[in-house]
There are 2 protein chains.
Amino acid sequence: MSQWRKEMDDLITETPAKKIRHRDMLVRATADIISESGIAGTSITKVVERAGLSRGMVHLHFENKAALLLEVARHMSDEYYARQKVFISDAGPTSQEKLAALITADLSEEILNQYTVNIWYAFRGEARSDNGFMAYSDTRDEALYETYYDAYIKLAAGSENPQVLARDATRGTIALTEGMWVDFFLHPLKFNRGTAKRIIFRFMAGLFQTAFNQDGAILT
Amino acid sequence: MSQWRKEMDDLITETPAKKIRHRDMLVRATADIISESGIAGTSITKVVERAGLSRGMVHLHFENKAALLLEVARHMSDEYYARQKVFISDAGPTSQEKLAALITADLSEEILNQYTVNIWYAFRGEARSDNGFMAYSDTRDEALYETYYDAYIKLAAGSENPQVLARDATRGTIALTEGMWVDFFLHPLKFNRGTAKRIIFRFMAGLFQTAFNQDGAILT
DNA sequence: CACAAAAATGGACGATTGTCCATTTGCTGG
DNA sequence: CCAGCAAATGGACAATCGTCCATTTTTGTG
């Protein structure tokens, strides 16, 4: 079998190479354990038991435990963006529609669920003591900020102080969404996605009265 | 010395009984370690070294490590309320003034600082796996909710749907403040208290246009 | 089919964890 | 001043941690 064919097979194979599959299994198992037991309760023994692999596997694929945890953070970040992207691409071209899509995404079951927020806040709690996690938190935040700002600055055009208005709207929306996540994290059963969405739209309608109303309806 | 006098001395003594002092030293030392190293990095050895006490002290004052951590959570919660109370009692009698005082308090250096938020988010990260912490988070949240709601419901009087408006305003303000805390936690150097305050007031002004404006000025 | 390389295993290691308890210290009432 | 009791100590304990590596199993190639 020629070399290019072998590489081709690797590309089109339905099940990825075992090495990659095992690596992925470890990442997913680690995410599961973190979601259930937090960072402090996550040990390599628990992870490999969950993954159904042997203990040595971890150090075959990752330099150490910290590298494994960092990979989980990267995995979560990637999944967040991938899911958000679906909502954005389904939305219309106007700023209002993009903003509505962003908020709908951040409150959707695909993105905002107990499994995900448990992991997210577990990492955040330990972020201060490990700078590696902060990097991912920061890049996520900065990209999100840009996305919101780009949409808001267009709505703010013509107002008295567009930059300040767009900045305030961006920071406010992100803070409000973040606060809603915390609310969901602390009271997942009481939480109502529709109410959360309405409150965020009320905030947006307060700043851009000609663009939104409190029901999330987009005005002309 | 008579019995009542002895008790009186205990009450008025400047330095509290040694047993209580040591207990307090452990709680404060634990809080310090959590703030620096997170929950996962907090061990009894580190705590007693910081407190300058022997290892056995912990189990003399607390049933186990979990009880010590829970006491730290209680301590943090108590200090939060004590400091918030100062701001509220200094405020005027109107609902607007009370709300302004609450927001000013939550953004003040006394309440919102790196030491405090590190501890707060460290606990939150491990909250899911230990229900003891959730209880304090919940009681704090419920009391805060009531305080905000009582103020907002008066402002909402006369509006079309007062209860819904007051509920939305309460949840929104708490979520917004929570989000600002997260912003401070992740970017303590970039964070600007004035900007945060202005954004929150813009939200309030959007819901109660006759009561606030975006500069935090209270309208008649 | 045989052989070399890679992947995977799991026992062993020292360090550290939370907990326990026999011993020592310090204070107080008689 | 001393007896008695609570406070405080720190060494010892088993359990668990992350890590390492000699060994076995699987895989791919000539």
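Throughout, protein chains are lettered first and strands after them, A, B, ... in sequence-line order, and every chain is numbered starting at 1.
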Output the pairing pattern of DNA chain D as a dot-bracket string, 5' first, Watson-Crick or G-U wobble with both distances under 3.5 Å, | for cross-strand pairs, [ ] for crossing pairs. ||||||||||||||||||||||||||||||
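- The interatomic distance linking His61(B) (NE2) with dT19(C) (P) rounds to 16 Å, in whole Å.
- For Ala51(A), the side-chain contact (heavy atoms from CB on, under 4.5 Å) partners are Leu26(A), Ala29(A), Leu53(A), not counting sequence neighbours.
- Arg193(B) pairs by the side-chain contact (heavy atoms from CB on, under 4.5 Å) definition with Glu109(B), Leu112(B), Phe184(B), Phe191(B), not counting sequence neighbours.
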In the 5'-to-3' direction, what one-character label does each nucleotide of nucleotides 13-18 of chain D receive under the scheme B = base within less than 4.0 Å of a protein heavy atom, S = sugar-phosphate only, - = no such atom? ----SS
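- For the pair Phe62(A) CZ and dC20(D) P, the interatomic distance rounds to 16 Å; values are reported in whole Å.
- Applying the side-chain contact (heavy atoms from CB on, under 4.5 Å) test to Val86(B) and every residue at least two apart in sequence or in another chain returns Asp90(B).
- Considering Tyr148(A), Tyr152(A), Tyr149(A) as possible partners of Arg167(A), the one that fulfils the side chain to side chain contact (heavy atoms under 4.5 Å, CB included) test is Tyr149(A).
- Shown here are the ring pair (Phe, Tyr, Trp, His ring centres under 6.0 Å) partners of Tyr81(A), two or more places apart in sequence or in another chain: there are none.
- One finds the NZ atom of Lys197(B) at 7.5 Å from the CG atom of Leu107(B) (value rounded to the nearest 0.5 Å).
- Distance, Glu49(B) CD to dT9(D) P: 14 Å, rounded to whole Å.
- Formation of a donor-acceptor pair under 3.5 Å by the Trp181(A) side chain with backbone atoms of Asp106(A) is found in this model.
- Distance, Arg21(B) CZ to dG26(C) P: 14 Å, rounded to whole Å.
- Put simply, CG on Leu53(A) is 15 Å from C1' on dT26(D), counting in whole angstrom units.
- Checked for salt-bridge contact, Lys46(B) and Glu36(B) miss the test: no charged N lies under 4.0 Å from a carboxylate O.
- Distance Met57(B) CE to dC21(C) C1': 16 Å, rounded to the nearest Å.
- Taking CD1 of Ile174(B) as the start and CG of Asp141(B) as the end, the distance is 7.0 Å to the nearest 0.5 Å.
- When rounded to the nearest whole Å, the span between CG of Leu60(B) and P of dT23(C) equals 18 Å.
- OP1 or OP2 of dA7(C) has not a single side-chain nitrogen or oxygen of His22(A) nearer than 4.0 Å.
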